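This structure is a prediction, so every number in the text was calculated from the model and none was measured. For reference, positions follow the sequence shown, starting with 1.
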Amino acid sequence: MLRHLRKYRNSVLSAQATLLLLALSFAPTGCSDSKPSAPAPSTAPSAVVPSAAQPRSLITGTTGTVTAQATRPEEVYTYRAAGRRDPFAPIISKQEKKAAQGDRPPLERYNLSEFKLSGIVWGGFGYNAMIEGPDGKGYFIRVGTIIGPNAGVVKRITSSSIVIEEKHKNLAGETERKEIVVELRKKQEGKL
């Protein structure tokens, strides 16, 4: 056990010594105010060997003097939220969880384009319309009836059409209204 501790201590000491040597090799070598004298030119060509006293440029890999760059104070960026939407809010806001198809009334299960206006009845209570759903069943509707998966509301029933208004939100979060007109089907030619 003692032998293992000595090996561990020796390896730790050798690692510390290696780190110390590396730190000393990268440490600045001292500064003086006097400029070094230029070496006398030699007549024999010699290879340029970078010395440890000259720092190497990390960008170009050449030796030379390091110049201090003028530093200017950094500009601090501040976010001004006035007039901007929340960057962390979802673009399309999720509405309440829609009920399962089986839980909705039949008029709210199908798209408006799937309904056919079969007839309009008027009397003492005003106009009522009969529409045929894609399931082949007929439904009577009046002003104020909710129809379609987007909760469209019947706004007007005339002698030849019904007007349905749907509300939805655009990307900016504003509510837009859309009116859909469903015309009464004319008697088709060729069918008896």
Quick check for you: to the nearest 0.5 Å, what is the distance between E165 atom CD and K178 atom NZ? 12.0 Å
Taking the side chain as everything from C-beta on, heavy atoms only, tell me whether E166 gets closer than 4.5 Å to L112. yes
Identify the two heavy atoms, one from G144 and one from V153, that lie closest to each other, and give their separation to 0.1 Å. CA-CG1, 3.9 Å
Assess whether side-chain contact (heavy atoms from CB on, under 4.5 Å) is satisfied between I146 and E108, documenting all intermediate values. CA-CA 7 Å; I146 297 174; E108 294 181 28; 3.6 Å; yes
Please check if the side chain of D86 supplies one atom and the backbone of F88 the other of a donor-acceptor pair under 3.5 Å. yes
S161 pairs by side-chain contact (heavy atoms from CB on, under 4.5 Å) with which of L184, V181, I120? V181
Spacing of Y139 atom OH and T145 atom OG1 [to the nearest 0.5 Å]: 13.5 Å
Report, as yes or no, whether the 6.0 Å neighbourhood of atom CZ on R85 holds more than 12 heavy atoms from other residues, nucleotides or ligands. yes
Quick check: is L107 connected to Y110 through a chain of hydrophobic side chains (ILVMFWY, heavy atoms under 4.5 Å apart)? yes
Ignoring hydrogens, what is the shortest heavy-atom contact between V154 and R142? Give both atom names and the distance. CB-O, 3.6 Å
Quick one: do V143 and W122 end up in the same hydrophobic cluster if we chain Ile, Leu, Val, Met, Phe, Trp and Tyr together by side-chain heavy atoms under 4.5 Å apart? yes
Looking at CZ of R156 and CD1 of I164, how far apart are the two atoms once the value is rounded to the nearest 0.5 Å? 11.5 Å
If you compare all heavy atoms of I157 against all heavy atoms of I141, which two are closest, and at what distance to 0.1 Å? CD1-O, 3.9 Å
Between the main-chain N or O of K137 and the side-chain N or O of D135, is there a donor-acceptor pair closer than 3.5 Å? yes
Value rounded to 0.5 Å, distance of CG in N150 from CD1 in I180: 8.0 Å
Looking only at heavy atoms, which two atoms of P134 and E114 are closest? And how far apart? CG-OE1, 3.4 Å
Common cluster, L117/Y127, ILVMFWY with side-chain heavy-atom separation under 4.5 Å: yes
Using links of under 4.5 Å between side-chain heavy atoms of ILVMFWY residues, direct or through other members, which residues join Y77 in one cluster? Y79
Within this structure, what is the NZ-CD1 distance for the pair K116 and I131, rounded to the nearest 0.5 Å? 12.0 Å
Please check if atom CG in L171 has more than 12 non-hydrogen atoms from other residues, nucleotides or ligands closer than 6.0 Å. no
Any side-chain heavy-atom pair from V182 and F115 closer than 4.5 angstrom? no
